Novice: 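Submitted below is the structure of interest, expressed as structure tokens.
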Amino acid sequence: MTQDQTILQLLDARVVAALASAGCDGAAAVITPAARPEFGDYQANGVMGAAKARRQNPREMAQSVVAKLDLVGIASKVEIAGPGFINITLDPAFLAARAATALASENLGLPRPAAQRVVIDYSSPNLAKEMHVGHLRSTIIGDALARVLRCLGHDVIAQNHIGDWGTQFGMLTAFLVEVEKGADTQMALADLEDFYRRAKQRMDDDPTFADMAREYVVKLQGGDARVGALWRRFLEVSMHHCEAVYKTLGVGLTRADLRGESSYNAALPGIVADLQTKGLAVTSDGAEVVFLEEFKNKDGEAQAYIVRKQDGGYLYSTTDLAAVRHRVGELHADRVLYVVDQRQGLHFQQLFTLSRRAGYVDDRVSLEHVGFGVMLGEDNRPFKTRSGDTVKLVDLLEEAVERAFVLVSEKNPALAEETRWEIARAVGVGAVKYADLSKNRASDYVFSWASMLAFDGNTAPYLQYAYTRAAKVLRDAGEFAADTPLSLDARVEQVLVLQLLRLADTLNLVARDTAPHHLCAYLFELAVVFSRFYENCPVLKSEGALRASRLQLCQLTARTLKTGLGLLGIATLEVM
RNA sequence: CCGCCCGUAGCUCAAUUGGAUAGAGCAACGGCCUUCUAAGCCGUAGGUUACAGGUUCGAUCCCUGUCGGGCGGACCA
């Protein structure tokens with residue numbers, strides 16, 4: 001059983017109807033949760049705007065809207081305040097009934113909108129190197145969005161657009177041949193960063209090697225079997241590194257989601273030829289270039305978007321054009337999300353403009369660059385360690401788990417060591433992910449070990465802790481009548497239910513704005529309200545219908561926290 | 001030179017897209033464990049939302065300008 005409307009949507013529909021009856025056809029209701037407790041539970045802000053547009057007195061219009069407003073069985077109080085706000089307090093019996101429906105539902109009563117096919121391009125590491133902290137954001141933001149959109153009933157196709165093609169693979173495969181004379185492949189590639197550095201060094205030191213590397217690029221691109229085999233071996237080892245990180249992170253990407261740059265290689269000449277045929281690409285200084293007048297260069301002329309270099313090589317512009325054509329033409333995407341850092345904003349604007357002009361994407365398809373800010377160091381410069389390297393993702397996660405283990409052992413020394421490690425993994429990795437996901441993705445943010453590895457306050461462990469508290473109460477309660485009508489007498493119980501019932505609105509917001517931090521904020525607020533309830537409303541010590549009612553609130557809270565954290569890719573624990 | 005993003009409490013971040021008295025966490029200070037896990041709860045303090053104008057019933061949000069940061073801008077991605 002699912003609700004066909006959230007409370008917010010229900011109120012919106014009712015207020016819109018009332019506005020229409022009051023002579024404001026088409027006016028928006030603008031419902032939001034109440035800004036302050038004394039304003040009730042929800043407020044409608046639309047009257048002021050409607051009155052302004054019609055040059056009428058907003059207070060009077062609010063009067064006539066409220067007179068037409070039918071909230072029988074929904075609200076216990078409707079008031080007009082300030083310049084024309086309509087404040088709505090919901091009837092506790094209505095809340096209780098909605099909560100009961102959510103409890104009885106398999107999926108917490110989440111609505112299922114008309115499903116879209118959504119292609120999400122995320123993670124997309126460069127396989128020439130090891131994943132570093134910079135890859136964290138794309139990976140976990142994309143993963144969270146994929147989970148949320150699937151939960152809402154959309155058909156999500158993940159595309160891990162790995163960097164598995166390009167000139168550096170000539171150098172790497174050539175170097176692989178050299179090192180294999182001495183050691184075995186696994187050993188040599190145990191540390192990819194090191195391997196890359198050594199290969200680069202050879203390039204700089206030895207002209208003969210550099211020539212060989214260039215020759216290998218040509219061979220690889222020409223389909224040479226031997227170099228191709230080396231390339232595949234290298235990728236295999238590199239993918240294992242990535243998969244280890246995905247496993248630790250709890251990210252759902254699999255081999256089936258791989259669709260690397262190399263897979264578009266064969267399509268690139270066709271893309272350029274097609275752009276030429278359509279009169280979009282022209283030869284300029286030996287390169288194939290599309291001039292887009294939407295974008296001006298420094299002389300105020302149409303800016304160049306190069307799709308083939310002078311030397312005949314292709315660029316990521318070409319690859320991305322092939323990819324978007326594939327995603328829309330063959331995967332039939334209604335919406336394509338690119339979870340790629342903000343610096344590539346201009347590239348995506350050009351890509352989107354050109355792919356529409358070339359007819360690869362029609363107007364019904366939404367192309368969205370889900371850009372995120374770069375990670376900065378504490379000096380506000382792009383994040384690097386003291387030695388100038390970036391921090392490897394595996395090292396960050398390992399550090400987080402170890403610190404969490406120390407803490408778990410302090411708090412709960414009686415637990416078996418293996419159990420403590422299990423908790424430490426969920427807590428440590430959860431903390432890192434939450435620290436990142438809880439921030440607005442658009443702005444740059446400062447990397448700090450302290451805040452990534454914090455376990456108090458607005459952090460994943462706080463949410464996990466709230467879950468274990470609810471779970472423990474339920475375990476200790478034993479059997480209870482789970483269909484007892486809810487009695488929401490205490491205000492804190494009403495507020496808890498109100499928050500519980502806002503999950504669907506939150507997920508809609510996350511899906512619309514591609515912004516997982518709204519879900520973090522929601523879950524934090526839920527945990528705060530639950531903790532307040534937990535402190536003020538004894539559950540196991542209460543009796544009869546009240547006990548059963550409170551146990552159901554624990555149950556709905558536990559399920560909501562588990563679901564919500566699950567959508568962020570963060571594990572919950574029965575004990576911590 | 002042009003373009004995009006950003007500037008909010010000491011620090012790290014929010015603010016449901018123009019709504020009411022700008023909210024959290026950390027750090028600081030004070031209180032609460034013979035009552036379901038104190039990774040918790042309650043309280044105090046902390047703000048001219050970079051600055052100056054403008055638009056209107058109302059601006060952190062929109063417009064103009066200034067200052068300060070980050071990033072892009074023909075052959076890396």
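The analysis underlying the following values was restricted to heavy atoms, covering all of them including side chains, and did not include hydrogens, waters or symmetry mates. Letters A, B, ... are given to chains in the order of the sequence lines, protein chains preceding strands, and every chain is numbered from 1. Computed from a predicted model, the values in this text were never measured in an experiment.
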Novice: Of the options C36(B), C41(B), G73(B), whose atoms approach the side-chain atoms of L346(A) most closely?
Specialist: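 Closest nucleotide to the L346(A) side chain: G73(B).
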
Novice: Please determine whether a side-chain nitrogen or oxygen atom of H517(A) lies at a distance below 4.0 Å from atom OP1 or OP2 of A15(B).
Specialist: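 Indeed, a polar side-chain atom of H517(A) lies that close.
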
Novice: Checking all strands, does K541(A) fall into the base, sugar-phosphate, or nothing category for heavy-atom contacts under 4.0 angstrom?
Specialist: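 The answer is sugar-phosphate, as K541(A) gets under 4.0 Å only of primed atoms, P, OP1 or OP2.
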
Novice: Does N412(A) reach the main-chain N or O of M576(A) with its side chain, forming a donor-acceptor pair under 3.5 Å?
Specialist: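 Yes.
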
Novice: Can you check side-chain hydrogen bond (donor to acceptor under 3.5 Å, both in side chains) on Y122(A) and Q159(A), steps first, answer last?
Specialist: CA-CA 7 Å; Y122(A) 68 102; Q159(A) 293 279 279; over 6 Å; no

Novice: Less than 3.5 Å between a donor and an acceptor, one on the side chain of S284(A) and one on the base of A74(B), is that the case here?
Specialist: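 Flag set: donor-acceptor pair detected.
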
Novice: Does the side chain of K411(A) get closer than 4.0 angstrom to OP1 or OP2 of A38(B) through an N or O atom?
Specialist: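 False: K411(A) side-chain N/O out of range (4.0 Å or more) of A38(B) OP1/OP2.
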
Novice: At under 4.0 Å between heavy atoms, what does N536(A) touch on the DNA or RNA strands: base, sugar-phosphate, or nothing?
Specialist: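 Touches nothing.
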
Novice: At under 4.0 Å between heavy atoms, what does L509(A) touch on the DNA or RNA strands: base, sugar-phosphate, or nothing?
Specialist: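 The residue L509(A) makes sugar-phosphate contact but no base contact.
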
Novice: Tell me whether Q464(A) contacts the main-chain N or O of A571(A) through its side chain, where contact means a donor paired with an acceptor under 3.5 Å.
Specialist: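 Between the backbone of A571(A) and the side chain of Q464(A) there is a qualifying donor-acceptor contact (under 3.5 Å).
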
Novice: By the 4.0 Å heavy-atom rule, please label A81(A) as base, sugar-phosphate, or nothing.
Specialist: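 Here A81(A) touches the bases of the nucleic acid.
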
Novice: Does C42(B) have OP1 or OP2 sitting under 4.0 Å from an N or O in the side chain of R532(A)?
Specialist: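 Yes, R532(A) has a side-chain N/O under 4.0 Å of OP1/OP2 on C42(B).
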
Novice: Does a side-chain N or O from H518(A) land closer than 4.0 Å to OP1 or OP2 of A15(B), or not?
Specialist: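 Answer yes for this pair, as a side-chain N or O of H518(A) is under 4.0 Å from OP1 or OP2.
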
Novice: Starting the side chain at C-beta, find the nucleotide from A24(B), C13(B), C71(B) nearest to N458(A).
Specialist: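 Side chain of N458(A) sits closest to A24(B).
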
Novice: Does Q43(A) get its side chain close enough to the base of A20(B), under 3.5 Å, for a donor-acceptor pair?
Specialist: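 In this structure, the two groups form a donor-acceptor pair.
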
Novice: Quick check: any donor-acceptor pair below 3.5 Å linking the side-chain of D456(A) to the base of A27(B)?
Specialist: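 When only heavy-atom distances are counted, D456(A) does not reach the base of A27(B) through any donor-acceptor pair under 3.5 Å.
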
Novice: If you assign W165(A) and K52(A) each to the RNA chain B nucleotide with the nearest heavy atom, which residue ends up on the more 5' nucleotide?
Specialist: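 Upstream on the strand: K52(A).
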
Novice: With the 90 degree cut-off around zero defining syn, does U35(B) come out syn or anti?
Specialist: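 Anti for U35(B); the angle lies over 90° from 0.
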
Novice: Give each stem of RNA chain B as a range with a range, requiring at least 3 consecutive Watson-Crick or G-U wobble pairs whose two distances are under 3.5 Å.
Specialist: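 The stems that RNA chain B takes part in, listed by first number, are B:1-5 with B:69-73, B:10-13 with B:23-26, B:28-32 with B:40-44, B:50-54 with B:62-66.
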
Novice: Where the side chain of D341(A) meets the backbone of V374(A), is there a donor-acceptor pair that is under 3.5 Å apart?
Specialist: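 No, D341(A) side chain to V374(A) backbone: no donor-acceptor pair under 3.5 Å.
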
Novice: How long is the line joining OH of Y434(A) and P of A14(B), in whole Å?
Specialist: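 About 12 Å, once rounded to whole Å.
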
Novice: Does the side chain of Y462(A) get closer than 4.0 angstrom to OP1 or OP2 of C41(B) through an N or O atom?
Specialist: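 The answer is yes; a side-chain N or O of Y462(A) sits under 4.0 Å from OP1 or OP2.
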
Novice: If you measure from CG on L463(A) to OG1 on T468(A), what distance do you get to the nearest 0.5 Å?
Specialist: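 L463(A) CG to T468(A) OG1: 11.0 Å, rounded to 0.5 Å.
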
Novice: To the side chain of N87(A), which of C36(B), A20(B), A74(B) is closest?
Specialist: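 Of all the options, the side chain of N87(A) is nearest to A20(B).
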
Novice: Keeping D285(A) on the side-chain end and A287(A) on the backbone end, is there a donor-acceptor pair under 3.5 Å?
Specialist: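 Answer holds: no.
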
Novice: Sub-3.5 Å donor-acceptor pair from the side chain of E193(A) to the main-chain atoms of E130(A), do we have one?
Specialist: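 Present.
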
Novice: Would you list the atom pairs, donor with acceptor, under 3.5 Å between side chains in residues 515-523 of chain A and any protein atom, with sequence neighbours excluded?
Specialist:
residue	atom	partner	partner atom	Å
Y522(A)	OH	Q499(A)	O	2.8
Y522(A)	OH	L500(A)	O	3.2

Novice: Touch check for C520(A), heavy atoms < 4.0 angstrom, all strands: base, sugar-phosphate only, or nothing?
Specialist: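 It contacts nothing in the nucleic acid.
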
Novice: Closest to the Y534(A) side chain: A38(B), A74(B), U21(B)?
Specialist: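 Taking heavy atoms from C-beta onward, the closest nucleotide is A38(B).
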
